[in-house]
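Side-chain atoms are counted along with the backbone in the values below, which use heavy atoms only and exclude waters and symmetry mates. Starting from 1, each residue takes its place in the sequence as its number. In this text the structure is predicted, and so the values were computed from the model without any measurement.
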Amino acid sequence: MKAFRAVITADMVNYTQFSREESAAWLEEMLVILHQHPAFKWALKPEIYRGDSFQAVLKNPGEVMRAAILARACVRKHAPNADMRIAIGVGKTELLTDRPGTSDGEAFRLSGHLADTIRQQKARIGIALPRPSESLTATLNLLETVIENWTVSQSQVIEALLQGKNITQIAEMLSISQPAASQRVSSAKWWAIESFLANFPKQLSLYTTKRQPL
């Protein structure tokens, strides 16, 4: 039985408002961070296509929300109106080549279809599963109310926290006091993000675990 995988199809929001050099540098930096993160087990590493977009495949779907939120924080830290729109498809991958663009399967189709329609949604992270998942979509709508309010400085601390840095390290990295770093963490609602990420694998399993007959 083939394992479920998570396909990420993402594009940069407001891409044309920035210079090509800026956008390319921000995307490349983000991809390096995603590549190197120890929590992510890539079946296909994130790869840029079309200039403003990337696609990737995770072997461990339970970590896909961490990857999505990290990607947004990495881009949002550069400018108030910079962001990523991320369509996630979780399912089987029947054909997995060395390039996302030439691969195929349920997860690719779910992600691709969502990528075509996500612009019509308010939330910039969406997920498509083999079974209806309205409650999870509602949770992502609530998550958006937190992320959409991050300032540049708050996005910086969220990015650092998602890479495993503590308050002391964040304060040193940003050349600010520890109380100032703690205030940014609090105002970015890290407690809510941390709770969501801790519970997401269990939420996801409700839709990806085969139901046992009664």
(request) Could you tell me whether Asp11 and Arg119 have a side-chain N and a carboxylate O separated by less than 4.0 Å? (result)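 A salt bridge links Asp11 with Arg119.
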(request) Classify the ring geometry between Phe18 and Trp26 as parallel (under 30°), tilted (30 to 60°) or perpendicular (over 60°). (result)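 Ring orientation of Phe18 relative to Trp26: perpendicular.
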(request) Classify the ring geometry between Phe200 and Phe196 as parallel (under 30°), tilted (30 to 60°) or perpendicular (over 60°). (result)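 Correct class here is tilted.
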(request) Kindly compute the distance separating CD (Gln156) from NE2 (His78), expressed to the nearest 0.5 Å. (result)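 One finds 9.0 Å between CD of Gln156 and NE2 of His78.
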(request) Could you verify whether a donor N or O on one side chain and an acceptor N or O on the other, from Gln154 and Ser187, lie under 3.5 Å apart? (result)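 Side chains of Gln154 and Ser187: pair found under 3.5 Å.
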(message) Atom NE2 of residue position His113 - does it have more than 12 heavy atoms of other residues, nucleotides or ligands inside 6.0 Å?
(response)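 Count not over threshold, so no.
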(message) Please list all pairs meeting side-chain hydrogen bond (donor to acceptor under 3.5 Å, both in side chains) that have one or both residues in residues 66-77, counting only residues at least two apart or in different chains.
(response)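 Pairs touching residues 66-77 that pass the test: Glu29-Lys77, Glu63-Arg66, Arg72-Asp83, Arg72-Glu144, Arg76-Asp83, Lys77-Glu159.
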(request) Using the test salt bridge (Lys or Arg N to Asp or Glu O under 4.0 Å), find all partners of Arg20 that sit at least two apart in sequence or belong to another chain. (result)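 For Arg20, no residue satisfies salt bridge (Lys or Arg N to Asp or Glu O under 4.0 Å) once neighbours in sequence are set aside.
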(request) Could you tell me whether the side chain of Ser186 and the main chain of Ser182 form a donor-acceptor pair under 3.5 Å? (result)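 Pair absent, no side-chain N/O of Ser186 close to backbone of Ser182.
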(message) I'd like to know if the side chain of Asn166 reaches the main chain of Thr168, judged simply by a donor and an acceptor atom lying under 3.5 Å from each other, with no hydrogens or angles considered.
(response)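 Such a contact is found between Asn166 side chain and Thr168 backbone.
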(request) Could you please spell out the steps behind the side-chain contact (heavy atoms from CB on, under 4.5 Å) verdict for Trp42 and Val57? (result) CA-CA 6 Å; Trp42 299 108; Val57 184; 5.9 Å; no
(message) I'd like to know whether Ile88 forms a side-chain contact (heavy atoms from CB on, under 4.5 Å) with Thr9, so could you lay out the CA-CA distance, the side-chain angles of the two residues, the decisive distance to 0.1 Å, and finally the verdict.
(response) CA-CA 6 Å; Ile88 299 164; Thr9 305; over 6 Å; no
